[in-house]
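Please read the structure below before turning to the comments.
In what follows, chains carry the letters A, B, and so on, assigned in the order in which the sequence lines appear, proteins first and then strands, with residues in each chain numbered from 1.
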Amino acid sequence: MWSFSHIANELHEWLSSIFNPTWTLVIEMVLAGVAVIGLFAGLGLVLVLMERRVAAWIQIRLGPNRVGPQGLLQSLADTLKLIVKEGLTPNGADKLLFNIAPFIAMIVAMLLMAPIAFAKDFQLWDMNIGVLYVSAVSSIMVISILMAGWSSNNKYSLMGAMRSGAQIVSYELSAGLSILTIVVLTGSLQISDIIHSQATGWWIFKGHLPVWIAFVTFIIAVTAETNRAPFDLAEAESELTAGFHTEYSGMKFALFFLAEYINVFIVCAIGATLFLGGWMPFHIGNLTDFNHVMDYIPSSIWFFGKTFFLIFLIMWFRWTFPRLRIDQLLNLEWKYLLPISMINLLLATAMAILGWHF
Amino acid sequence: MFIIKYIKEVYRGVKSLLVGMKRTLYYFTHHKEIITQEYPDNRDTLVMAERFKGEVVMPHNEKNEHRCTGCQACELACPNGTIKVIFKNELTPEGKKKKAIDKLVYHLELCTMCNLCVEACPSDAIKMAQTFEHSVYDRNELTKILNNPGSKIMDGVE
Ligand code: SF4
Ligand code: SF4
């Protein structure tokens with residue numbers, strides 16, 4: 001049957017038959033890199049358009065509908081515009097840091113692609129500390145934001161960057177704790193193990209209350225970590241112009257913009273993997289017939305379907321809730337989310353030990 | 001009790017967020033609520049809201065007569081000097097001199113569409129029109145004379 005893993009294996013065998021193992025590895029790495037960049041470009045186009053359409057419908061507007069059929073080419077036209085724009089570097093800026101900051105944002109996003117399982121047996125690197133790797137690498141993101149804010153030599157940028165620092169450092173905690181809930185239940189940090197543990201039902205169904213709480217905490221925390229409304233204090237266009245990327249223009253701005261959407265995709269992919277079973281089809285316990293029917297839907301469709309559902313959820317948040325003030329933001333984390341997820345982790349541990357889940 | 005207050009706060013917060021999300025989901029799924037007008041595609045069928053005010057005009061009847069007595073109430077009412085009333089002297093049939101308006105100058109570029117002049121006018125000589133495509137290449141074109149050339153005051157309006 002047609003599948004991503006099938007194509008990947010064929011390709012590997014074909015390359016191995018021509019080159020020696022070292023060259024095969026090198027060529028495969030280059031191919032993977034190109035594929036990831038292609039995926040980024042595709043995701044950027046799709047997600048920007050999706051965001052604008054969702055935003056428009058939620059705000060009772062029509063949204064982009066002029067360029068191409070149903071406005072489908074709008075984000076392509078925007079990309080073209082950004083490419084031909086001048087990439088300005090302000091006089092007082094720290095040139096080196098200013099210019100590498102957007103690339104660091106992109107590199108972090110690329111690194112995060114490594115452990116994500118896009119389909120059955122289709123993963124760049126199934127390392128045994130996958131979940132830990134994701135939460136460790138995703139916090140490098142804050143460095144690129146701080147770098148951009150500091151090197152711009154602009155009050156607004158610096159303020160945005162500082163806020164974003166406070167925000168990401170705080171919300172990392174509850175994101176980590178809610179991820180730990182699943183790790184406790186699975187007993188493994190490896191992404192493929194976590195997905196296989198959901199073969200009899202996704203954790204969101206099997207784990208009931210503690211997993212529901214962890215899921216809600218996770219969604220709130222990752223919305224904050226990706227700096228999206230209602231937690232977009234780092235950008236806050238009404239008070240800080242555009243926050244940390246005020247001084248950026250042209251393609252360098254586009255990279256930040258793209259990195260935001262890529263990060264949304266990544267955190268939703270992680271959320272889908274941990275709570276909704278990644279590429280695992282919808283299975284109910286031991287109902288073999290039902291499970292077989294579900295298996296006919298390709299695993300990549302399951303994965304992208306779940307991921308896009310979570311992305312829609314995050315977009316829905318963005319266009320519904322007003323922005324929090326910085327004190328409310330920190331209150332929410334330190335007084336509500338953190339204590340709740342700590343108690344929840346205890347509950348989940350008890351549940352894992354006593355076997356209270358299905 | 002602290003803990004009960006805490007739980008209540010969390011409950012209230014979550015509930016109000018869910019109410020908001022329910023509303024936006026309703027809008028997301030009900031496209032007939034969309035209020036965007038696809039101007040200028042629908043220029044021919046465009047329906048303006050009744051309260052929309054686009055410009056001050058002076059209606060004339062078919063005999064080229066208007067109702068303005070030149071009382072200057074509009075000029076006084078206007079907060080930003082948009083209207084200037086310029087007079088001329090006319091001879092009535094009995095040979096008496098009578099004051100009448102020569103021009104009612106209206107500076108569209110200054111007007112804030114506040115409607116105060118229309119409310120101030122004692123003889124209903126001016127009203128707000130609903131036109132809105134006002135852009136021109138030369139701003140002198142925005143200075144308008146509201147009364148038509150050769151127009152007279154309507155009979156019976158004092
Ligand atoms: S609408 Fe207001 S600003 Fe315009 S002419 Fe009348 S009084 Fe003046
Ligand atoms: S338009 Fe009305 S208020 Fe103004 S001068 Fe004429 S009659 Fe008087």
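Looking at A:P339, the atoms closer than 4.5 Å to chain B (heavy atoms on both sides) all sit in the side chain, from C-beta outward. For a residue to count as touching a neighbouring chain, one of its non-hydrogen atoms must lie under 4.5 Å from one of that chain's; by this rule A:F321 touches chain B with the side chain only. Heavy atoms closer than 4.5 Å to chain B are found nowhere in A:V216, neither backbone nor side chain.
Under the 4.5 Å side-chain criterion, counting only non-hydrogen atoms from C-beta, B:E38 is in contact with A:R66.
Side-chain atoms of A:W316 and B:T24 form a donor-acceptor pair, as typed in the model, at a separation below 3.5 Å.
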- Message: Could you walk me through whether A:I58 and B:Y27 satisfy the side chain to side chain contact (heavy atoms under 4.5 Å, CB included) test, starting with their C-alpha distance in whole Å, then the side-chain angles of each, then the deciding distance to 0.1 Å, before giving a yes or no?
- Response: CA-CA 5 Å; A:I58 282 181; B:Y27 285 140; 5.5 Å; no
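Scanning all heavy atoms of the two residues, the minimum distance from B:T36 to A:I60 falls at OG1-O, 3.9 Å.
The aromatic rings of B:F28 and A:W57 sit perpendicular, their planes meeting at an angle over 60°, well past the 30° parallel limit.
For NZ of B:K103, the number of neighbouring non-hydrogen atoms (other residues, nucleotides, ligands) closer than 6.0 Å is 12 at most. Within 6.0 Å of atom OH in B:Y11, 12 or fewer heavy atoms from other residues, nucleotides or ligands are found, so the atom counts as exposed in its surroundings. In B:Y6, the OH atom is crowded: over 12 heavy atoms of neighbouring residues, nucleotides or ligands sit closer than 6.0 Å.
Ranked by heavy-atom pairs under 4.5 Å with chain A, the list B:I35, B:T29, B:V14, B:L25 is led by B:L25.
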